[in-house]
Amino acid sequence: MTFRHPYDREILRLAVPAFGALVAEPLFLLTDSAIVGHLGTVSLGALGVAGQILGTLVNLCIFLAYGTTASVSRQVGAGNHRAAVRQGVDGIWLAALIGVALIVVGRPLVPMVVRAFGASAVVAPQAETYVHVSLLGVPGMLIVLAGTGVLRGLQDTRTPLIVSVGMFAVNAGLNALFVLALGFGIAGSAWGTVLAQTGGAVAYVVMVLRGARSHGAPLRPDLSGLRASATAGVGLLIRTLSLRVVLVVATMVAARLGDAQIAAHQIAANVWTLTAFALDAIAIAGQAITGRQLGAGDVAAARAATRRMVEWGVACGVVFALVLFAVRPWLPNAFTADAAVRSQLLDALVIVALLQPIAGVVFVLDGVLIGAGDMTYLAVAGVIQTAAFLPVAWLAYALGGGLVSLWLAMGVWMAARLVTLGLRARTDAWSVAGAVRG
């Protein structure tokens with residue numbers, strides 16, 4: 001890997017702030033957990049269940065950010081800044097409409113969903129309270145996703161970082177006030193997060209309104225634009241559902257392998273998630289750069305940037321693997337004193353480390369294809385990848401292979417992602433030039 005490549009500065013300019021914004025979201029939950037923990041074990045358990053429900057909702061709606069980035073960046077590349085802002089306005093409207101629909105549909109279903117996520121009879125009432133209140137913040141949360149996508153499409157990842165830091169600070173302050181000072185209980189924690197999310201949404205709406213006025217873009221929703229955004233969102237939704245199925249099934253298998261295995265798996269999964277944030281930051285840069293270059297009609301530049309970002313992904317993956325191997329003997333002691341859990345985790349971390357270079361390539365190519373608007377292929381590929389994982393995961397359980405076998409199944413899944421995305425990247429089918437993907 002040579003340094004001082006023409007694209008290095010642009011990749012870093014977009015990826016570094018994106019990494020900061022990605023880290024801000026789990027910090028929300030960590031802050032809530034630290035404050036709600038003062039209320040007792042039941043409240044903390046309720047927050048855990050509610051966090052899983054809301055986290056799943058965020059993951060399923062991530063298409064609002066990714067799809068908007070792809071469409072806006074293409075228009076920017078084509079020099080159509082008015083159309084780019086118009087796409088952003090449509091993304092905001094779509095987020096608001098979905099958010100309101102989720103409130104209307106979701107509120108009556110809250111008790112059933114909480115039970116489905118395994119809440120006990122003691123934990124369930126508080127979990128339901130948290131989710132009921134948090135649903136009011138869903139439109140704001142989705143508008144934040146869409147607004148983030150707009151700014152990324154405009155090649156700006158620094159402003160989303162600033163908004164994320166601001167939301168984190170407001171969330172922490174309001175949670176401390178409502179829970180610790182005013183004694184509002186777990187509902188106070190939910191209200192603090194709702195107000196922080198709504199404040200972030202207002203900030204993005206103001207920025208989009210300013211952009212619309214500056215470029216003369218209309219503010220009313222455009223039916224064709226909403227339809228295009230929703231259509232692109234279907235492919236991304238299927239892709240995301242495929243990812244979630246793998247992660248949920250892996251957790252279910254680990255739970256059935258034994259208590260030590262599920263504990264070790266959760267720690268290993270958290271380590272995987274941490275490294276994924278850095279790799280995903282490069283993928284976000286890939287979304288913005290690819291969309292802009294294809295919008296400008298410069299397919300050669302899009303391919304050159306992709307090659308460089310893949311090199312960055314591999315390099316980061318190798319570094320992460322070396323770091324994990326270096327800290328592996330001591331890492332389990334930071335999480336648990338249970339000898340059985342430590343033993344399981346030591347073995348699983350070997351696989352986690354070995355998968356890092358593959359993950360580096362997979363994450364980058366995923367981001368590039370999203371930026372190119374290749375959503376239909378991503379949906380089909382996601383189903384194929386999940387189909388490759390499920391039977392191997394079942395064998396890991398049926399044959400009593402243990403946690404290492406489960407993480408080897410995760411390796412099969414990552415290999416399937418590498419093959420399906422790599423084969424697509426080698427063709428010309430993804431690199432469709434123009435302001436709108438035909």
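Fair warning: this is a prediction, and the values are worked out from it, not measured in the lab.
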Sequence neighbours excluded - side chain to side chain donor-acceptor pair (under 3.5 Å) pairs with any residue from [range]:
range	value
residues 94-110	none
residues 263-278	H265-W407, T275-Q356
residues 362-378	R239-D366, D374-R424, D374-R437

Any [X] side-chain heavy atom under 4.5 Å of [Y] side chain:
X	Y	result
V110	L135	yes
W312	L12	yes
T240	Y66	no
P218	V89	no
W413	L243	yes
L331	L345	no
S189	I35	no
Y130	I53	no

Contacts of type side-chain contact (heavy atoms from CB on, under 4.5 Å), residue [X], not counting sequence neighbours:
X	value
V310	T306, V314, V361, V364, L365
A217	R82, V85, A212
P125	none
V144	T148, M167, A201, Y204

Shortest non-hydrogen contact from [X] toward [Y]:
X	Y	result
A127	V114	CB-CG1, 3.9 Å
V299	A433	CG2-CB, 4.0 Å
V104	P108	O-CD, 3.4 Å
M375	A70	CE-CB, 4.1 Å
I11	R308	CD1-CG, 3.9 Å
L406	V253	CD1-CG1, 4.0 Å

key: Evaluation steps, side-chain contact (heavy atoms from CB on, under 4.5 Å), between V234 and F63   = CA-CA 8 Å; V234 170; F63 67 86; over 6 Å; no
[atom1]-[atom2] distance between [X] and [Y], expressed to the nearest 0.5 angstrom:
X	Y	atom1	atom2	answer
T68	I92	OG1	CD1	7.5 Å
L142	L102	CG	CG	6.5 Å
L44	L39	CG	CG	9.0 Å
L94	C61	CG	SG	9.5 Å
M141	I98	CE	CD1	11.0 Å
L195	L136	CG	CG	10.0 Å

Which pairs, with at least one residue in [range] and sequence neighbours excluded, count as a salt bridge (charged side-chain N to carboxylate O under 4.0 Å, His left out)?
range	answer
residues 141-159	none
residues 133-148	none
residues 279-307	E10-R292, R303-D428

What pairs of donor and acceptor atoms, side-chain ones from residues 178-186 against any protein atom, are under 3.5 angstrom apart with sequence neighbours left out?
none

ask   = What's the verdict on side-chain contact (heavy atoms from CB on, under 4.5 Å) for L54 and V58, showing C-alpha distance, side-chain angles and the deciding distance?
value = CA-CA 6 Å; L54 297 169; V58 170; 5.6 Å; no
Sub-3.5 Å donor-acceptor pair from the side chain of [X] to the main-chain atoms of [Y], do we have one?
X	Y	value
S214	R210	no
T386	S242	yes
R74	A372	yes

message = Please determine whether side-chain contact (heavy atoms from CB on, under 4.5 Å) holds for the pair V150 and M207, giving the CA-CA distance in whole Å, both sets of side-chain angles, and the decisive distance to 0.1 Å.
response = CA-CA 10 Å; V150 173; M207 284 183 274; over 6 Å; no
key: Sole residue of L14, V368, L294, I284 in side chain to side chain contact (heavy atoms under 4.5 Å, CB included) with I289   = L14
request  = State which residue, out of M410, Q385, M414, R417, fulfils the side chain to side chain contact (heavy atoms under 4.5 Å, CB included) condition with V246.
outcome  = M410
ask   = Yes or no on side-chain contact (heavy atoms from CB on, under 4.5 Å) for V248 and T56, after CA distance, side-chain angles and deciding distance?
value = CA-CA 10 Å; V248 169; T56 300; over 6 Å; no
task = Quick one: list whatever passes ring pair (Phe, Tyr, Trp, His ring centres under 6.0 Å) with H81, sequence neighbours left out.
result = H215
ask   = Just one of Q87, Q75, R86 clears the side chain to side chain donor-acceptor pair (under 3.5 Å) bar with N80, so which one?
value = Q75
